[in-house]
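Hydrogens, waters and symmetry mates are skipped; everything else that's a heavy atom, side chains included, is used. In the text below, chain A, chain B and the rest are named by the order of the sequence lines, each starting its count at 1. This one's a predicted model, so the numbers in the text were calculated from it and none came from an experiment.
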Amino acid sequence: MDRAKVLDQLPPTYAAALRLNDAGAGHAAIARELNIPVEAVPRLLEIGASKLDALQRSLAAQHV
Amino acid sequence: MSGQRTSHLPGLIGRDEELRAVRTALEGAGCVIAGPPGVGKSRLADDAIAMLAPQRGAIRVVATPSARTLPFGAVSHLAPAGGDPSIAGIIGALRDGHFGPRPTVVVDDAQWLDEASAALVLAIATTEVAPLLVTLRTREPAPSAVTSLWRQRHLDRVDLQPLSEQEVERLVDDLLGAPSHAQAHGWVHRLAQGNPLYVTELVDDARRTGRLALVDGRWHLAGGDAPLERLGDLLGSHIRSASEPAQAGLELLALAAPLPLGVVDDLLPADVLEELERARLATVRDDPHQGLLVDVAHPLYGEVVRSGLAETTARRLRRDLADALGRHGSAAPTERLRVARLVLEAGQIDEARFLDASAIALAHGSPNLARRLAEALPPSLPAALARAQGLAGSGRFAEVDAVLAPFEDAAGTADVATATQYVEVRVRSLLAGSGDQPERARELIDRVERWRDDADWRALVATARCWVAVRSGANSTARAIVEPSLTDDAVSPEARRTLLLSYRMALVPLGRVDEHDAVMAEVVALTEQLGGSEAERAFHQLQLETGRVTAGRDLDGTRTRVLAHLERAEQRGEPSERVATLYLLAGIAHVQGHHQGARGLLRQTVDHLADGDPYHLAPHVHLLLATTLAFLGDERLARRALDDADAAIASKPGLRAQLAAEVAHAQAVIELGAGHESAARDALLEVAAAADEDRFVASASLHLALLLGANAELCATRLEALVEDTQDDAIHLRARHARALARRDPEAQLAAAEAFEGAGLHLDAAQAAALAAAAWRAAGSPREATRADAVAARCAAHCPGVRVPALTVPPDAQELTPREREIAVLAARGRTNPEIAEDLTLSQRTVETYVLRVYRKLGVNNRRGLARALDPGSTSSP
């Protein structure tokens with residue numbers, strides 16, 4: 001399923017962080033944009049990516 | 001959501017990924033879990049700690065506002081026995097194992113730690129004497145020692161986010177103990193904004209007050225505005241902490257937010273809005289289309305305040321809001337509708353405003369609001385029409401005629417637009433009814449025919465008569481009625497479009513696909529010429545695709561175009577379009593035999609019916625689901641779907657005659673799904689015989705009966721008759737396959753199978769190839785049989801879970817006669833001999849004889865061996 005559409009289904013902060021990361025933004029830029037401490041960005045991206053992966057698997061299973 | 005639950009405490013939903021991250025952090029120095037109140041920080045910490053027990057203990061520090069003024073107030077319980085708390089003393093105790101071997105130190109609400117306790121926590125992190133798990137509320141000031149925990153990179157920081165909509169759905173279902181309808185969990189998600197605490201309290205309140213109701217094992221949004229007491233308690237102190245003027249301002253916002261800043265400035269002093277913003281009860285945001293808007297900071301504030309408002313206060317406030325919005329004079333339809341609604345709810349009447357807003361409400365998919373606005377007005381033809389359209393839009397067709405009949409004379413002398421609208425609404429509503437209503441529709445058309453004599457009026461009368469014919473299933477008659485008006489050049493574009501849209505209803509079941517394509521292309525062009533919206537043009541394009549789907553034409557291309565339509569509809573924010581597009585996608589999957597995919601799509605479609613069903617697709621959706629489930633062998637759910645279809649038809653009983661063939665077809669396929677092959681075959685032949693005017697259903701029924709062993713010559717002859725005067729590709733392919741079977745020509749049968757495959761009709765292809773293989777095998781041609789088996793397998797791979805005899809009974813069991821196969825399948829499914837005898841209206845002795853014969857032919861001794869030999873339904877699990 002289209003990654004952009006699946007991202008839309010994540011909570012907005014995860015979606016925004018992943019999109020910025022996909023676009024090549026660094027952690028500092030992501031932190032500024034999302035108004036969070038830069039130290040929170042790594043775990044945010046890690047958890048967001050895991051949720052995206054889980055959601056893609058779930059949506060794929062629904063369409064079987 | 002994620003693959004496996006990693007928590008062993010019940011109810012932690014939507015946090016598997018966060019739990020993994022916290023556990024990983026606790027293998028090192030630990031982490032800070034940050035987030036707003038209610039997002040689940042403490043619960044996540046508890047779960048992480050519980051998973052570490054009993055290998056590792058934990059000691060807890062709970063900071064509170066009251067203890068923050070006392071040095072070491074939060075950690076005094078950690079002081080060595082008889083001693084005063086000190087950083088060195090507590091660090092030493094941890095190092096010496098006084099609290100057990102390397103326990104995790106859990107600090108809850110670290111933002112409230114006193115400075116000394118915060119310094120201790122930082123010392124634990126810098127000395128690494130124990131892992132730390134710290135929870136912290138964001139947007140509240142915290143001691144600098146606490147912020148140093150992540151700034152100096154001693155600990156990871158995990159910022160807990162709100163739950164996604166899917167996670168909220170899971171949590172709601174878990175709290176309610178049963179599945180919830182999309183509208184219900186969508187409502188909860190919208191109000192609670194993904195905050196688990198708010199979700200929990202809102203669900204509890206809503207269940208208790210009846211706003212959520214359990215119907216047929218599923219929770220639905222029942223509506224109502226009973227006060228939400230638990231949420232009121234949770235949020236009330238924050239709301240009541242504002243001044244009285246600010247609370248009054250919040251009441252205004254609760255009733256009508258978001259509001260333009262100019263309107264709010266008109267209603268509230270500037271300092272009140274400032275106070276609301278500072279207290280985070282209201283926000284001001286810049287909307288790209290509407291400019292600066294003032295909104296409640298959280299939807300729940302609006303919900304709590306609104307549910308606690310006295311009725312007289314609410315009416316007064318609505319009057320004030322309507323006046324202020326009216327003074328600001330926005331011409332946007334949504335604003336005009338909002339003002340009209342406020343005036344209505346304030347108990348006032350404004351005829352021109354209400355009629356205007358009623359039309360807007362209908363266009364925006366709010367027929368109930370349209371009706372309410374019209375019902376508030378004194379009786380008149382315009383008010384009656386608006387009310388009737390609202391009733392029709394809500395599916396309350398039986399009430400429409402009583403509303404419109406008293407105004408028939410007035411409509412006869414009204415302007416042509418009003419007269420046309422009157423005829424369309426009244427005829428459609430009568431045709432949706434049952435009993436004598438279709439006949440009354442004919443009588444009405446005979447009367448209105450005399451109102452005018454011009455090309456457009458004649459076209460309108462032809463359109464209405466076409467509807468009558470289609471509703472009774474007389475599609476050929478409908479076509480003949482419309483054709484004279486189609487050649488009348490004097491008909492205006494608008495009248496011609498309405499005529500064409502009625503004409504297409506007859507063309508699809510008659511298999512006139514090329515003609516349907518041309519008609520719909522003209523409708524799309526006329527809609528553009530008449531200034532129709534993008535949504536209108538897109539929907540007509542979708543109607544064009546429907547014809548191609550039923551004909552099995554360009555299915556992959558159609559799917560691509562329909563998916564693009566779905567994407568554009570979602571971008572336009574039109575959830576009601578989802579039903580039509582999902583249904584069409586399911587139809588494509590169904591025609592191809594991809595029934596598992598069709599089932600998933602149809603379940604989504606059923607869920608979205610509550611968002612709006614402006615095209616009244618519900619009966620068709622449930623019927624298609626019934627047939628799909630039957631092909632997957634799920635008789636119980638298929639019958640339930642058929643019951644749902646019946647209930648949907650009951651709300652619009654005029655459809656019963658129009659859908660009679662589809663209903664009968666679904667019933668016959670359910671018999672097949674139950675393993676009653678011969679009953680299914682006979683029923684399908686009856687459906688085909690009665691469905692002269694619906695070639696799609698007739699050909700599908702005939703072909704399926706043929707695959708179940710019906711007389712091939714009979715089926716071929718009847719399918720070839722259906723091919724005449726039709727442009728339907730699928731009917732042509734079915735007739736070709738039937739003729740190949742009648743000729744007992746396996747080479748021609750395999751060629752027909754490959755033609756089915758080329759058209760994307762994989763289930764038909766698989767069955768046709770399997771029969772060709774059986775024929776070759778019986779003729780002693782194993783090599784050709786293998787070739788056909790390969791085609792069958794390739795096509796069957798597209799249709800996992802489908803349970804039809806040609807695919808579920810293994811090749812070496814094909815030597816069974818149709819009756820033997822039918823009894824074998826029922827026996828393998830666990831039916832006893834007496835049950836089979838009752839199912840097939842045979843004597844028990846006859847059934848016993850058949851069963852023994854089957855055992856002998858398949859080389860088995862009992863039912864377990866029979867089940868293994870047949871392995872019914874195991875192309876893959878459903």
Side-chain angles (χ1 to χ4, degrees), chain A, chain B residues 1-4 14-22 24-25 31-35 39 136 138-139 147-168 170 189 193-194 563 566-567 570 585 589 594 596-601 603-604 800-801 876-878:
Chain A
M1 201 167 168
D2 183 70
R3 181 182 162 86
K5 280 189 208 166
V6 182
L7 276 171
D8 286 343
Q9 296 186 48
L10 286 181
T13 304
Y14 290 129
L18 290 171
R19 285 198 181 99
L20 287 165
N21 191 55
D22 289 348
H27 288 185
I30 294 172
R32 259 194 318 273
E33 192 65 33
L34 300 180
N35 195 25
I36 58 173
V38 65
E39 298 84 4
V41 172
R43 288 291 183 191
L44 190 76
L45 289 172
E46 174 194 321
I47 294 169
S50 292
K51 285 188 178 288
L52 180 69
D53 192 45
L55 183 53
Q56 282 175 318
R57 284 198 305 272
S58 165
L59 291 171
Q62 281 178 33
H63 284 96
V64 169
Chain B
M1 278 273 296
S2 54
Q4 292 189 351
R15 295 301 189 201
D16 287 350
E17 293 80 11
E18 292 87 341
L19 192 58
R20 261 197 298 276
V22 169
T24 302
C31 69
V32 173
I33 304 172
V39 80
L136 175 85
T138 46
R139 287 176 151 197
T147 58
S148 296
L149 290 170
W150 64 84
R151 290 218 174 108
Q152 293 174 5
R153 302 201 186 266
H154 299 297
L155 301 181
D156 286 346
R157 174 164 159 153
V158 175
D159 275 49
L160 218 53
Q161 300 303 318
L163 299 177
S164 68
E165 190 164 353
Q166 286 82 5
E167 289 162 344
V168 167
R170 281 177 53 211
H189 179 258
Q193 301 273 286
L563 282 169
L566 180 61
E567 194 173 331
E570 294 194 339
L585 288 170
H594 307 169
Q596 283 186 348
R599 178 181 57 189
L601 287 163
R603 283 177 174 161
Q604 288 181 58
S876 75
S877 48

Region of [X] that comes under 4.5 Å of a non-hydrogen atom in chain A:
X: B:Asp159; result: both
X: B:Ala34; result: neither
X: B:Leu155; result: neither

Worksheet entry | Shortest non-hydrogen contact between B:Pro162 and A:Pro11, atoms and distance | O-CG, 3.1 Å
Worksheet item: Just wondering, do A:Glu39 and B:Arg153 contact through their side chains at under 4.5 Å, heavy atoms?
Response: yes
Worksheet item: Under a 4.5 Å heavy-atom cut-off, does chain B meet the side chain of A:Ile36, its backbone, both or neither?
Response: side chain
Discussion item. Does B:Gln161 form a side-chain contact (heavy atoms from CB on, under 4.5 Å) with A:Leu44? I'd like the steps, not just the answer.
Written reply: CA-CA 9 Å; B:Gln161 300 303 318; A:Leu44 190 76; 3.6 Å; yes
Find the distance between [atom1] ([X]) and [atom2] ([Y]) and round it off to the nearest 0.5 Å.
X: A:Ile47; Y: B:Asp16; atom1: CD1; atom2: CG; answer: 11.5 Å
X: B:Glu165; Y: A:Asp8; atom1: CD; atom2: CG; answer: 12.0 Å
X: B:Arg139; Y: A:Asn35; atom1: CZ; atom2: CG; answer: 8.0 Å

Worksheet entry | Partner chain A: residue of B:Asp156, B:Val158, B:Leu160 with the largest heavy-atom pair count (under 4.5 Å) | B:Asp156
Worksheet item: Is the backbone of B:Glu18 close enough, under 3.5 Å, to the side chain of A:Lys51 for a donor and an acceptor to pair up by distance?
Response: no
